[in-house]
Amino acid sequence: MTKHPAIRRSRPFLVVLLLFAAPMWAAFAFTDNAASETPHETIRVGPKFEARFVAKPVVELAAGHKPKPDPIEANGPIFVDWPKPDLAMVFTGEQMGFLEPCGCAGLENQKGGFKRRMTMMKQLRDQGWPIVAMDTGGLVRRYGPQAQIKLGRILEGLVEMDYSAVGFGEKELKLDMLSEAANLSPNPLVSANVVLVDPEFGFTRPYRVVEKNGFKVGMTAVLGKQGIASVASMTDLVTVSPEEGIQQVLPKLLAENCDEMVLLVYGEVSEAKALSAKFPQFRWVVAGKGGDEPPKQATPIPESGANLIEIGHKGMYAVVIGIYKQGQPRYRYQKVPMDHRFEDAPEMQQLMVRYQNQLKTLVTSGKGWEPLTGKPLATPGGGSGFVGSEVCADCHTDACDVFMKSPHAHATETLVQLDPPRHFDPECVSCHVTGWNPQGFAPYVTGYESLEKTPHLKMQGCENCHGPAKDHYDAEMGNIDATDTEIENFRAALRMKVVENEGNMEGQVLGDVVKNCLECHDLDNSPDFDFQDYWDRDENPVKHEGKY
Amino acid sequence: MRALPIVVVSLLIGSSVGAWSAYQSVGSQRSAEEISALRGDTTGDESDYPKFEIDAVQYDFGSMQRGTSRKHSFKVTNKGTKPLTVQVVSTTCKCTAGDMAKNPIPPGETEDLTLTWVAKVNAGTFRQTATLETNDPRARRVELTVEGMVNNVSTVEPNQWFFDKLRAEDQRTESLYVMSFEDEDLEIESANIENPEDEGKYNIEVVEVPHDELPDAKAKAGYRVDVTPLGKLPLGPIHDWVMLHTNIKEAEELRVPIMGTVVGDIELRGPAAYNDVTGSVHFGDVQSEEGAEVKLFLNVGGEHAADTKFEVAELDPEYLEVELGEPRKLRDDLYHVPLTLRLPPGLPPAIRNGTGQGEGGSVVLKTNHPTSPEISFGVRFVIKGAAVTK
């Protein structure tokens with residue numbers, strides 16, 4: 001069959017079209033489009049809010065506020081000119097419960113977290129560095145069911161990162177460390193002066209010797225004297241002083257003829273130095289309660305000839321000591337900031353998922369938040385309770401206009417949209433809903449319960465600053481019999497006034513309004529918080545004044 | 001055959017467009033000299049560059065009170081022959097760097113670079129850094145450090161009353177100290193339980209103590225605050241609050257927790273999987289082919305501790321496995337009995353999570369304890385089967 005001339009003539013043009021179209025199609029097809037792949041719940045605000053305006057997503061607001069910093073420019077390069085060491089000792093400690101970088105104010109601005117730490121260690125291991133990892137302890141900073149769950153996950157993470165030794169801080173010893181240790185396999189817990197129950201049960205080791213790449217590293221850990229005093233009444237523990245503990249293990253460590261000897265001290269720098277002077281056999285002494293930032297170099301301890309290492313706070317840094325069999329220098333020191341040059345390790349992302357799922361399981365078990373937070377706290381000010389920002393909008397329209405354009409209106413939404421979602425985590429929820437005590441991480445009676453049960457208490461609502469408004473609302477609506485005086489008193493109880501030069505920066509007045517803000521905008525979660533800037537900024541200010 | 005020239009022309013046009021586009025985005029090639037100049041490499045006469053000098057890279061501020069701020073000016077001098085540019089690229093979060101009056105610094109001149117920091121930390125070693133980048137090729141990146149000790153104006157030590165395994169009948173007292181490091185006229189004006197519903201559960205006593213009793217020798221004055229439960233606390237976790245009112249300006253109101261656990265003679269303890277409030281072990285989602293296991297303890301105290309025995313009376317569902325270990329003596333009046341709870345591998349899918357989807361399971365143990373003949377706890381789980389593929 002003869003082809004139609006039109007077909008023959010069109011063929012070359014089709015070829016040309018294909019040559020141009022193919023790369024264009026490829027470019028579109030492989031463009032990153034992660035946003036559409038991330039599942040999330042849809043947050044719906046009440047119909048009154050929707051009718052008035054559409055609020056900008058908080059992600060855009062946050063992203064538009066500051067450019068993403070270059071981590072190497074901000075925090076410096078690492079391992080510059082380092083040949084591959086024959087041994088690398090990695091030191092961490094004083095995690096203080098920060099499984100992730102401290103706070104949520106832009107992860108690119110903050111350091112820390114297990115996801116980045118694991119990536120760092122994997123990268124070093126992939127480059128053939130023989131690593132021995134040790135932690136001084138100080139794993140948690142709170143008490144209660146959530147802290148217990150977090151302790152379990154932190155230990156799980158440390159085991160997954162193949163830590164050889166983990167010491168004790170006093171706060172984790174006040175939790176049920178025995179039960180965690182019984183379920184830990186392998187078990188890296190080491191302490192010369194704290195024993196769980198009895199040495200014969202093997203829940204802790206008094207010391208450990210690790211052989212790696214021809215090196216023998218002897219390590220032990222002690223809880224400092226202040227910590228020992230604070231756990232003296234714990235029935236699960238057998239404790240001795242740090243000196244006595246070290247005296248007991250030192251002969252055994254020395255008998256092993258170790259190449260490197262490490263003493264992990266969960267105590268202040270002064271105590272670590274004093275122990276080093278008494279026991280100069282340890283070349284490396286790590287202070288768990290040193291400065292919040294590690295110094296640029298290890299600090300020589302003249303009395304013993306040892307080197308003091310401080311690991312900083314909140315897991316923001318790791319300190320790596322590179323050891324070389326030949327050449328000079330024999331030892332190299334690097335403080336490694338856990339910044340976003342290290343991508344998130346999927347294994348630790350899964351750990352976070354398991355952690356959040358465990359919290360969710362308890363919160364959805366039928367007893368509300370109580371399994372995690374204990375009983376709800378008494379309503380502040382003793383009033384009838386929280387009523388939700390939507391009813392405020394009925395009258396206070398100007399303030400509501402400002403509110404809905406602010407990030408406060410999207411506070412709950414941001415938690416739900418995280419991966420994994422965080423709206424079952426009291427440590428996150430306490431500042432992202434209405435009716436919770438921010439620093440107590442617990443709800444007030446009539447405070448937020450869940451997206452389904454208390455949708456009116458989503459958002460960082462009006463009442464978090466102004467106080468519970470049910471009495472005021474009921475009086476205005478005539479739901480209760482209230483005299484004119486009582487009506488005025490209910491109104492007055494919720495009024496707030498920004499005083500002259502109120503703020504949280506030096507030279508400003510720390511008034512009641514800004515003190516309230518600082519309950520959530522604390523150093524961990526909002527390190528750049530400047531009240532006067534946030535209050536009256538050009539984009540999405542919080543400032544509102546007047547009756548309505 | 002006509003197609004071939006069309007293809008070739010198309011490729012040439014496409015390549016030209018692509019190359020032009022790439023050139024626009026990348027820019028023209030720079031010569032080696034231009035690159036070297038941009039980087040500021042030292043070539044030739046070393047005196048023909050800015051030269052960064054600073055009086056010190058580390059400043060020890062000695063000590064300061066918690067919550068206060070201090071500043072220190074580092075003196076930066078340009079000892080070179082070209083203008084010196086200094087840029088603050090980062091500071092740690094409690095530290096800010098002020099602008100210099102002149103930047104770039106002309107040759108031969110000195111400018112102050114002031115760091116301000118706030119001691120928003122607990123007492124102890126404090127260290128903050130600021131990182132500079134300069135156009136002195138021999139000092140591209142400089143880290144300045146301020147460090148010292150932070151002291152408290154006042155402190156509460158320990159920072160909570162902690163009752164470890166308090167028995168209901170115990171009249172144990174736990175104490176903490178409120179100390180002032182500046183003012184000798186410390187006063188505790190009141191100390192009350194915060195929640196009115198907890199009135200009557202505790203006795204709180206405030207005692208002014210001599211200096212040598214205080215845990216910190218640097219304190220100028222201090223009080224001991226004793227808390228004694230009055231036998232009315234329910235079994236389970238303790239999490240109450242005491243409000244202390246003081247005359248310390250920075251700490252007029254102190255909210256201090258009472259923490260711990262009230263236990264009976266027999267108490268089940270476990271890792272985070274066991275929750276006191278729900279009274280259940282929460283396995284969460286369990287893959288059928290893996291099963292799950294958790295090690296718990298029965299804490300047995302009191303005068304009958306040595307003689308108390310346990311046996312499994314009832315399991316719901318019946319496929320739960322419970323293994324009781326040998327009792328371990330901690331003290332004459334305190335024993336631990338290990339208990340392993342297991343969901344064996346290979347179970348069919350099931351929802352027993354204690355919600356509307358499925359009732360939780362349970363374990364009942366019989367004991368010979370005179371006042372606690374039976375111990376029970378819940379078990380919640382969801383067993384997921386392996387994915388089915390066709």
Side-chain angles (χ1 to χ4, degrees), chain A residues 11-13 15-16 19-20 23 69 73-76 110 143-145 148-153 174 176 178-180 182-183 197-198 201 229-230 233-236 268-269 289-296 310 313 354 357-358 361-362 364-367 370-371 374-375 377-378 506 523 527-528, chain B residues 2-3 6-7 10-11 14 69 89-90 92-94 116 118 120-121 124-129 131 133 141 143 145 147 158 160 162 164-165 194-197 237 239 257 259 269-278 280 282 284-285 294-297 328 330-331 334 336 338 353-355 380:
Chain A
R11 205 179 298 154
F13 295 102
V15 171
V16 170
L19 284 170
F20 279 105
E73 188 182 311
N75 302 317
Q110 292 169 320
Y143 181 79
Q148 183 74 51
I149 293 171
K150 195 179 268 194
L151 174 64
R153 294 299 172 198
K174 288 184 175 169
D176 193 348
L178 175 62
S179 297
E180 299 300 336
N183 285 278
V197 179
D198 193 283
F201 298 146
S230 77
S233 63
M234 303 284 300
T235 50
D236 279 347
E268 299 279 350
V269 164
K289 292 169 88 170
D292 40 353
E293 294 259 329
K296 281 183 290 204
E310 297 172 60
H313 294 179
R354 289 196 295 276
N357 282 344
Q358 195 169 2
T361 300
L362 288 173
T364 55
S365 66
K367 289 190 178 272
E370 203 175 319
K375 289 190 172 33
L377 304 171
E506 195 188 357
L523 189 66
D528 295 334
Chain B
R2 276 192 203 170
I6 293 170
V7 168
S10 304
L11 281 170
S69 76
V89 291
S90 72
T92 47
C93 60
K94 303 173 199 83
T116 306
V118 183
K120 291 185 204 173
V121 289
T125 310
F126 179 86
R127 183 179 294 112
Q128 294 293 292
T129 57
T131 304
E133 277 187 356
R141 195 174 172 93
E143 190 173 282
T145 304
E147 63 180 82
Q160 59 186 228
F162 187 75
D164 179 46
K165 297 181 200 58
E194 185 185 46
N195 190 346
E197 288 178 14
H239 196 168
M259 303 271 207
R269 289 177 43 193
Y274 176 70
N275 185 269
D276 282 328
V277 174
T278 62
S280 297
H282 294 259
D285 292 345
V294 67
K295 292 190 177 76
L296 307 157
F297 289 98
R328 294 166 178 162
L330 270 64
R331 296 195 303 265
L334 186 60
H336 274 176
N353 60 2
T355 67
R380 303 195 192 194

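Chain letters run A, B, ... following the sequence lines, proteins first, then strands; residues in each count from 1. Computation of the quantities below employed the complete heavy-atom set of this structure, encompassing side-chain atoms and omitting hydrogens, waters and symmetry-equivalent molecules.
- Note: A:P294 leads A:P294, A:G144, A:G374 in heavy-atom pairs under 4.5 Å with chain B.
- Remark: B:R380 CZ to A:S365 OG distance equals 5.0 Å, nearest 0.5 Å.
- Taking CZ of B:R328 as the reference point, atom CZ of A:F201 lies at 5.0 Å (rounded to 0.5 Å).
- For the set B:S69, B:A273, B:G270, B:G284, the entry with the most heavy-atom pairs within less than 4.5 Å of chain A is B:G270.
- No side-chain donor from either of B:N275 and A:Q148 sits under 3.5 Å from a side-chain acceptor of the other.
- Listed by chain and number, the residues in a ring pair (Phe, Tyr, Trp, His ring centres under 6.0 Å) with B:F297 are B:H336 (sequence neighbours excluded).
- Of all heavy-atom pairs spanning A:A378 and B:N195, the tightest one is CB-OD1, 4.2 Å.
- In this view, A:K150 and A:E427 satisfy the side chain to side chain donor-acceptor pair (under 3.5 Å) rule, not counting sequence neighbours.
- Annotation: maximal heavy-atom pairing with chain A below 4.5 Å, among B:H239, B:Q160, B:E147, B:R331, occurs at B:R331.
- Nearest heavy-atom pair, B:V89 versus A:E73, reported as atom, atom and distance to 0.1 Å: CG2-O, 3.5 Å.
- Shortest non-hydrogen contact noted between B:F162 and A:K174 is CZ-O, 3.4 Å.
- With chain A as partner, the option from B:T125, B:D285, B:L330 having the largest number of non-hydrogen pairs under 4.5 angstrom is B:T125.
- Nearest heavy atoms, B:T355 versus A:T364: CG2-O, 3.5 Å.
- Heavy atoms closer than 4.5 Å to chain A are found in the side chain of B:T116, but not in its backbone.
- Of the atoms belonging to A:P295, heavy atoms from both backbone and side chain fall under 4.5 Å from chain B.
- Scanning all heavy atoms of the two residues, the minimum distance from B:P271 to A:S179 falls at N-CB, 3.2 Å.
- A 4.5 Å side-chain heavy-atom check between B:L334 and A:T235 finds at least one atom pair inside the cut-off.
- Both the backbone and the side chain of B:K295 come within contact range of chain A, judged by heavy atoms closer than 4.5 Å.
- The candidate with the highest count of non-hydrogen atom pairs below 4.5 Å against chain B, out of A:I149, A:L178, A:N75, is A:L178.
- Under the 3.5 Å distance criterion, the side-chain polar atoms of A:K296 are matched with a main-chain donor or acceptor of B:E143.
- Only the side chain of B:R141 comes within less than 4.5 Å of a heavy atom of chain A; its backbone N, CA, C and O stay farther away.
- When heavy atoms are compared at a cutoff of 4.5 Å, A:E370 approaches chain B by way of both its backbone and its side chain.
- Of the two parts of A:D292, the backbone and the side chain both hold a non-hydrogen atom closer than 4.5 Å to a non-hydrogen atom of chain B.
- Atoms OG1 and NE2, from A:T361 and B:H282 in turn, are 8.0 Å apart once rounded to the nearest 0.5 Å.
- Neither the backbone nor the side chain of B:E194 comes within contact range of chain A; no heavy atom of the residue lies under 4.5 Å from a heavy atom of that chain.
- Of the possible polar contacts, none joining the A:N183 side chain to the B:V294 backbone as a donor-acceptor pair under 3.5 Å is found.
- Top candidate by heavy-atom pairs under 4.5 Å with chain B, chosen from A:Q358, A:M234, A:K375, is A:M234.
- The nearest pair of heavy atoms linking A:P371 to B:T278 is CG-CG2, 3.6 Å.
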